[in-house]
Protein chains: 2
Amino acid sequence: MESFPQTPRSRLRRRPQRGHYDAATVYRVLDAAVIAHVGYVIDGQPFVTPTAFWRETDVLYWHGSAASRMLRTQAERIPVSLTVTHLDGFVLARSGFNHSLCYRSVMAFGEASPVEDPAEKRRVLDAFVERLFPGRTRDIRQSTGQELKATSVMSMRIEEAAAKIRDGGVHDDEEDYALPCWAGVIPVTMRVGRVRPDDRVIAGTPIPAGLAPYEPGAPLDDVLAETARRGY
Amino acid sequence: MESFPQTPRSRLRRRPQRGHYDAATVYRVLDAAVIAHVGYVIDGQPFVTPTAFWRETDVLYWHGSAASRMLRTQAERIPVSLTVTHLDGFVLARSGFNHSLCYRSVMAFGEASPVEDPAEKRRVLDAFVERLFPGRTRDIRQSTGQELKATSVMSMRIEEAAAKIRDGGVHDDEEDYALPCWAGVIPVTMRVGRVRPDDRVIAGTPIPAGLAPYEPGAPLDDVLAETARRGY
């Protein structure tokens, strides 16, 4: 898949110059995120649930309790949408109208479908842990059959997706540049903090080498790109 | 409004101990965010659009181009949901099943309704600028009638809302604490970067005093709480 199809559902009408449909751009924005917002409909009412997600080729996965209303509903193979957004900054222009945000987002469409085979469920759940924390499935206690039963995993092959990216600086109306008004960009970045070991870690147990990318102050984007490269 | 009603639509079934329905908690989570994910339905298809939003008492506002499909659809007073999520960290437990995320989220429900009166539109748009950048509407060129016409503003009185918060540390099964496995929390925080002035700012124009909360390294949560206090 080089590029996703542009359809009435996915094509950007507003500011089409900010739209990207190539898989590389779509995946880069998705892979920099941990949480997605999944949209679905129950009796005409839209619900938007934030949930951890991960990607494998053109399939997105999310999971939760087998008792979850969201997952029980989605198991009926209903149309869903999954949106990921990164806020990157504030653009302060010389008029309110030209104020803006810097952001990267992806809106992806498809049909939700449950992962039912227990072996496949175990494989994709392990892949999720490895994707975030390379090597971790070798260190932790393996999932029990009961735990797998209590966990629903949903998948969605991306039928259509569009990335929308606004970066760069201030764009003012030409005549407004003469105003004695400060303008500029205030960037914001999701950053890793200092790791807090659990009180009951057995003395002498080191922080696993696979967590090395989580350096204090590192942008989470960079960390997730690195762990995705290292993970299996 | 002390507390939002718990209904089948808004009540948390999974992990009810993480649910909060009091307005103070709901507003605190909303006010720490700039971007919300708005869910709406067109012909049975759920859409989730990320958009800047702001709050005034129990009314949420968002805006965009008058030509936007999202806003034209929502102007029909359809049911919408608006979700805000903050990722606060990764919880690494001794089993995959007990891995978790720290987060704060709000899911709010209501009916979208356009702000049509031009004076009210100007007032709420100015309030949005002031909410983020106290004092800024005095520095910038005021909106023209044409700009106001080109901008749609949507409002939603919150009918129901629930906050869901997961904080704290690792919770493992008792027998797993004996494992020689590292466990702990990796916090993540959205932080302000170094301000980048626009190249064409007239020499000698200072950074406005109202932007003082945007100190490099400051958590965006704290900045937004402070600017909301200062804004009009």
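Numbered from 1 within each chain, the chains take letters A, B, ... in sequence-line order.
If you measure heavy-atom distances from B:Phe133 to chain A, the contacts under 4.5 Å come from the side chain alone. Heavy atoms closer than 4.5 Å to chain B are found in the side chain of A:Ser105, but not in its backbone. With a threshold of 4.5 angstrom between heavy atoms, B:Asp173 approaches chain A through side-chain atoms but not through N, CA, C or O. Proximity to chain A (any heavy atom under 4.5 Å) is shown, for B:Leu148, by neither the backbone nor the side chain. Residue B:Val34 touches chain A through its side chain alone, counting heavy-atom pairs closer than 4.5 Å. In this structure, chain B has a heavy atom under 4.5 Å from the side chain of A:Leu101, while its backbone stays farther away. With a 4.5 angstrom heavy-atom cutoff, B:Tyr214 touches chain A only via side-chain atoms. Residue B:Leu179 touches chain A through both its backbone and its side chain, counting heavy-atom pairs closer than 4.5 Å. Contacts between A:Ile140 and chain B at a heavy-atom distance below 4.5 Å involve backbone atoms as well as side-chain atoms.
What you find for B:Pro79 and A:Gly44 is that their closest heavy atoms are CG-O, 4.1 Å. Closest heavy-atom contact between B:Arg136 and A:Ala93: NH2-O, 2.7 Å.
In this view, B:Asp172 and B:Arg94 satisfy the salt bridge (charged side-chain N to carboxylate O under 4.0 Å, His left out) rule, not counting sequence neighbours. Every residue two or more places apart in sequence or in another chain was checked for a salt bridge (charged side-chain N to carboxylate O under 4.0 Å, His left out) with B:Arg191, and none qualifies.
Comparing A:Met190, A:Arg200, A:Arg15, A:His63 by how many heavy-atom pairs each has under 4.5 Å with chain B, the most go to A:Arg200. The candidate from A:Phe109, A:Phe128, A:Tyr103 with the greatest count of non-hydrogen atom pairs under 4.5 Å with chain B is A:Phe109. Most heavy-atom pairs under 4.5 Å with chain A, from the set B:Arg194, B:Met107, B:Gln45, B:Gln142: that is B:Gln45. Chain B forms the most heavy-atom pairs under 4.5 Å with one residue out of A:Val38, A:Ile42, A:Thr85, A:Val91, and that residue is A:Thr85. Most heavy-atom pairs under 4.5 Å with chain A, from the set B:Ala218, B:Gly204, B:Ala67, B:Gly89: that is B:Ala67. For the options A:Ala52, A:Pro219, A:Pro206, heavy-atom pairs under 4.5 Å to chain B are most numerous at A:Pro206. For the set B:Asp139, B:Thr151, B:Leu87, the count of heavy-atom pairs under 4.5 angstrom toward chain A peaks at B:Leu87. Put simply, of A:Ile207, A:Val48, A:Thr205, A:Ile78, the one with the most heavy-atom pairs under 4.5 Å next to chain B is A:Val48. Among the candidates B:Ala178, B:Pro46, B:Gly184, the residue making the largest number of heavy-atom pairs closer than 4.5 Å to chain A is B:Pro46. Taking chain B as the reference chain and counting heavy-atom pairs below 4.5 Å, the highest number among A:Gly169, A:Ala150, A:Pro208, A:Ala183 is found for A:Ala183.
Residues B:Leu220 and A:Phe90 meet the side-chain proximity criterion, which asks for heavy atoms closer than 4.5 Å. Using a 4.5 Å heavy-atom cutoff, the side chains of B:Val223 and A:Val188 are not in contact. The shortest distance between side-chain heavy atoms of A:Phe97 and B:Thr144 does not fall below 4.5 Å. The side-chain heavy atoms of A:Ser143 and B:Ser95, taken from C-beta on, include no pair separated by under 4.5 Å. B:Pro187 has its side chain within reach of A:Arg196: a pair of non-hydrogen atoms, C-beta onward, lies under 4.5 Å apart.
In this structure, CD1 on A:Ile202 lies 12.0 Å from OH on B:Tyr177, to the nearest 0.5 angstrom. Note that CD1 of A:Ile35 is 10.5 Å distant from NE2 of B:His86, once rounded to the nearest 0.5 Å. Rounded to the nearest 0.5 Å, atoms CD1 (B:Ile186) and CD (A:Glu215) are 12.0 Å apart. Distance check, rounded to the nearest 0.5 Å: CG of B:Leu125 to NE2 of A:His99 gives 12.0 Å. A distance of 12.5 Å separates OG1 of B:Thr49 from NE2 of A:His37, quoted to the nearest 0.5 Å.
Put simply, the side chain of A:Arg9 never gets that close to the backbone of B:Phe47: no donor and acceptor are under 3.5 Å apart.
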message = Applying side chain to side chain contact (heavy atoms under 4.5 Å, CB included) to A:Leu211 and B:Leu92, what does each step give before you reach the verdict?
response = CA-CA 11 Å; A:Leu211 298 186; B:Leu92 288 84; 3.8 Å; yes
